[in-house]
Structures are given as C-alpha cells and as structure tokens.
There are 2 protein chains.
Amino acid sequence: MSVHSHEAVVSRAKKDFPSEEELYDMTNLFKMFADFTRVRILFALLRSEMCVIDIAMLLGMEQSAISHQLRLLKQGKLVKARREGKHILYSLDDSHVEQILDCGIEHIEER
Amino acid sequence: MSVHSHEAVVSRAKKDFPSEEELYDMTNLFKMFADFTRVRILFALLRSEMCVIDIAMLLGMEQSAISHQLRLLKQGKLVKARREGKHILYSLDDSHVEQILDCGIEHIEER
DNA sequence: ATATAATATGAATGGTTATTCATATGAACA
DNA sequence: TGTTCATATGAATAACCATTCATATTATAT
C-alpha cells in the first residue's frame, strides 16, 4: 500500500518556488551558454578583447556566423563593444560570465 | 592606420584554450539548464524527492512530457531515481546542480 | 498468476535556432 | 567626398528539440 500523497508533496513543493519571470530569465541566461560557438566566443574574450574577424579566424568559422552570435551575446548583456579605429573590439560585459564559465568547468572536471 | 594584427591576437588566444571535448561537455551541461521545464523540475527536486506524477501536477503538464525530460536529466547525471513501493522517486544526483542554479539566480537578481 | 497503477517509449508535429550566402550599412582615412 | 574595409543584416535552409498522443513495459499487491 502506498503512503505517497501527491497533493501533500505538490503543495509543499509550491512554497518558495521562484517566480515564472525569474525562471524564464534564468533559462534565457543559460541558453547563452548552451551553444558550442557562443561558449568558445566567451572563452576567447576571457583573455582579451577581439574583433569579429579575429574570432572567426580563431574558430574557423564565417564572419557572418560570429556576427550573428555576437548580436545575441550583446542582447543578453554578456558582451560589449567599442570601436578602435577600423575595428570594433568585443569584450565581456559581465563579471558573472567568468563565474558561470568556471562553474561549468568545475563541474566537468569532476567526472 | 590600423595597428591591429589578426594573426597576433588569434595565436595569443589559442593558448590555454579548453579542449574541444571539455567545451562540448560544458555546453551539454548548460543545455540541461536552458529549458524552462527542466529548470522547474530541478527547482522542484531541490526541496524533496518527487515522483513523475507529482512533478506533472506541480507544473501542470502531461506525465509523458515530464518523463521525457527526466530521462534527459538522468542521462546528464543531474537526477537519480529510486523505487519506493509503487512509485519511482526522483532526486538531484549532483551536488553541483544547486550550485549552478544559485549561480543563475545570483546573476538574474543583479539586474 | 493476474490485474492494475505508475512509468517509459516511439512516432509525429510544430516551433525554434544556428549557419550560409548574398548584400547592405557605416565609419575611417586618403 | 569618395572609396575601402569591417561589420551587420535578411532570407533561406537544415538540424534540432519539446511536447503530445497512443501504447508498451514493468513492478506491485491482491
């Protein structure tokens, strides 16, 4: 005989649950780190600011593909841009980016 | 006149770059957290172990949908299962899950 | 052993998204 | 001011993925 009460478990779990909006924002943040290309871009920018062409060369990809991804990263406020002569140099915009990447690395290494 | 040397910037960035495999594993980890349903499941399990039906009720979703997502979370070693009578109770399998969720919350709150 | 309740699975569908190609924009330097 | 180079953009394509519906599997408890 089961002692499991769905209602009790569910109503208990409902307390202190993050708001829909917080959860939504959070998944959107993690989506930024859930793509191979974007993660590599962020790792590249961890060391120094770079222009689009630099990143495209580094990753062996089309300039256009990098540009599209940089736009997403900029919208997500993970990356910022400044002009230097002919080039636009991108760098990390958020102190948390490194922290989140570290969090991921740490997890991966302990396997 | 530009002082920017693509070759220099790129070869500098290539040093100490994580391996393809590490980056791949990392994006796969973040993919787990990049879905609204999965994040809510993880938050639910943060408090107590629950069966599939509990989670489906809590989130107002089909049992089948939850089951599919639990399979992914189990494959990703973020969640584990044990049988208790008629039910299979799921719980977090990884001490890092909470840490990563906290990381996300922290980031969101400072906006 | 069988019936039942809980969970898992497979195929199908719709929605999302990364990339490419072609082209537009825009700033810089002559 | 015009030309050139770096970057951005739009449309199209293809791959991916979450959900649903229908059904299969599995363990339990009688």
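Since the model is a prediction, treat every value here as computed from it, not as a measurement. Every chain is numbered from 1 and lettered A, B, ... according to where its sequence line falls, protein lines coming before strand lines.
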- Task: Look at the side chain of B:H68 against the base of D:dT20 and say whether a donor-acceptor pair falls under 3.5 Å; ignore hydrogens and angles.
- Result: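 Between D:dT20 and B:H68, which were checked side chain against base, a qualifying N/O pair under 3.5 Å is present.
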- State which residues pass side chain to side chain contact (heavy atoms under 4.5 Å, CB included) with A:S19; sequence neighbours excluded, sorted by chain then number.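 Counting only residues at least two positions away or on another chain, A:S19 forms a side chain to side chain contact (heavy atoms under 4.5 Å, CB included) with A:E21, A:E22.
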- Excluding sequence neighbours, so at least two apart, what forms side chain to side chain contact (heavy atoms under 4.5 Å, CB included) with B:E62?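 Listed in chain order: B:A65.
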Rounding to an integer number of Å, can you tell me how far [X] [atom1] sits from [N] [atom2]?
X     : N      : atom1 : atom2 : result
B:L70 : D:dT19 : CG    : C1'   : 14 Å
A:H4  : D:dA27 : NE2   : P     : 19 Å
B:D35 : C:dT17 : CG    : C1'   : 14 Å
B:I66 : D:dT20 : CD1   : P     : 9 Å
A:I88 : D:dT9  : CD1   : C1'   : 13 Å
A:F30 : D:dC17 : CZ    : P     : 18 Å
B:H87 : C:dT4  : NE2   : P     : 17 Å
A:R71 : C:dA18 : CZ    : C1'   : 11 Å

- Item | Least distance between heavy atoms, B:G104 atom then A:F30 atom |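 For B:G104 versus A:F30, the nearest heavy atoms are CA-CZ, 3.9 Å.
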- Item | Heavy-atom pair of closest approach, residues B:A8 and B:S11 |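 Shortest heavy-atom separation between B:A8 and B:S11 comes out as O-OG, 3.3 Å.
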- Query: Is there a path of hydrophobic side-chain contacts, each under 4.5 Å between heavy atoms of I, L, V, M, F, W or Y residues, that connects B:L92 with B:L89?
  - Reply: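 No, it is not one cluster - the side chains of B:L92 and B:L89 are not joined through contacts under 4.5 Å.
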Rounded to the nearest 0.5 Å, what separates atom [atom1] in [X] from atom [atom2] in [Y]?
X      : Y      : atom1 : atom2 : value
A:Y90  : A:I55  : OH    : CD1   : 8.0 Å
B:L70  : B:L45  : CG    : CG    : 7.0 Å
A:I41  : A:L58  : CD1   : CG    : 9.5 Å
B:E110 : A:S95  : CD    : OG    : 7.0 Å
A:H107 : B:C103 : NE2   : SG    : 13.0 Å
A:F17  : B:L46  : CZ    : CG    : 9.0 Å

- Message: Five pairs per end, C1' atoms only: what is the angle between the end axes of the helix from C:dA1-D:dT30 to C:dA30-D:dT1, to 10 degrees?
- Response: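 One end axis against the other gives 30°.
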- Query: If you check the B:R83 side chain, which of C:dT20, D:dT19, D:dA27 turns out closest?
  - Reply: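 Among the listed nucleotides, the one closest to the side chain of B:R83 is D:dA27.
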- Message: Using the side-chain heavy atoms of A:K86, tell me which of these nucleotides is nearest: C:dA11, D:dC5, D:dT9.
- Response: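 So the nucleotide nearest the side chain must be D:dC5.
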- For DNA chain D, which residues in residues 48-55 of chain A have a heavy atom at a distance below 4.0 Å?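 When residues 48-55 of chain A is checked for heavy atoms under 4.0 Å from DNA chain D, the hits, listed by number, are A:C51, A:V52, A:I53.
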- Task: Name the nucleic acid region contacted by B:F36, choosing base, sugar-phosphate or nothing; use a 4.0 angstrom heavy-atom cut-off, strictly under.
- Result: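 Contact class for B:F36: none.
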- Query: Has A:Y90 got a side-chain N or O lying under 4.0 Å from the OP1 or OP2 atom of D:dA6?
  - Reply: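 So the side chain of A:Y90 is outside the cut-off, no N or O lying under 4.0 Å from OP1 or OP2 of D:dA6.
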- May I ask you to verify if any side-chain N or O of A:Q69 is less than 4.0 angstrom from the OP1 or OP2 atom of C:dT19?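 Checking C:dT19 against A:Q69, a side-chain N or O does come within under 4.0 Å of OP1 or OP2.
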- Query: Starting at the 5' end of DNA chain C, which residue's closest nucleotide do you reach first, A:H6 or A:R40?
  - Reply: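 By nearest-heavy-atom nucleotide position, the 5'-most residue is A:H6.
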- DNA chain C: 5'-proximal contact among A:G85 and A:L72 (nearest heavy atom):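 Comparing both residues, the 5'-ward one is A:L72.
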- Kindly state each residue pair satisfying side-chain hydrogen bond (donor to acceptor under 3.5 Å, both in side chains) with at least one member in residues 32-60 of chain B, sequence neighbours excluded.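 Passing the test, one end in residues 32-60 of chain B: A:H4-B:D54, A:H6-B:D54, B:R38-B:Q69, B:E49-B:R82.
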- Query: Going by number, which of residues 56-64 of chain A have a non-hydrogen atom under 4.0 Å from DNA chain C?
  - Reply: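 Within this stretch, A:M61, A:E62, A:S64 sit under 4.0 Å of the strand.
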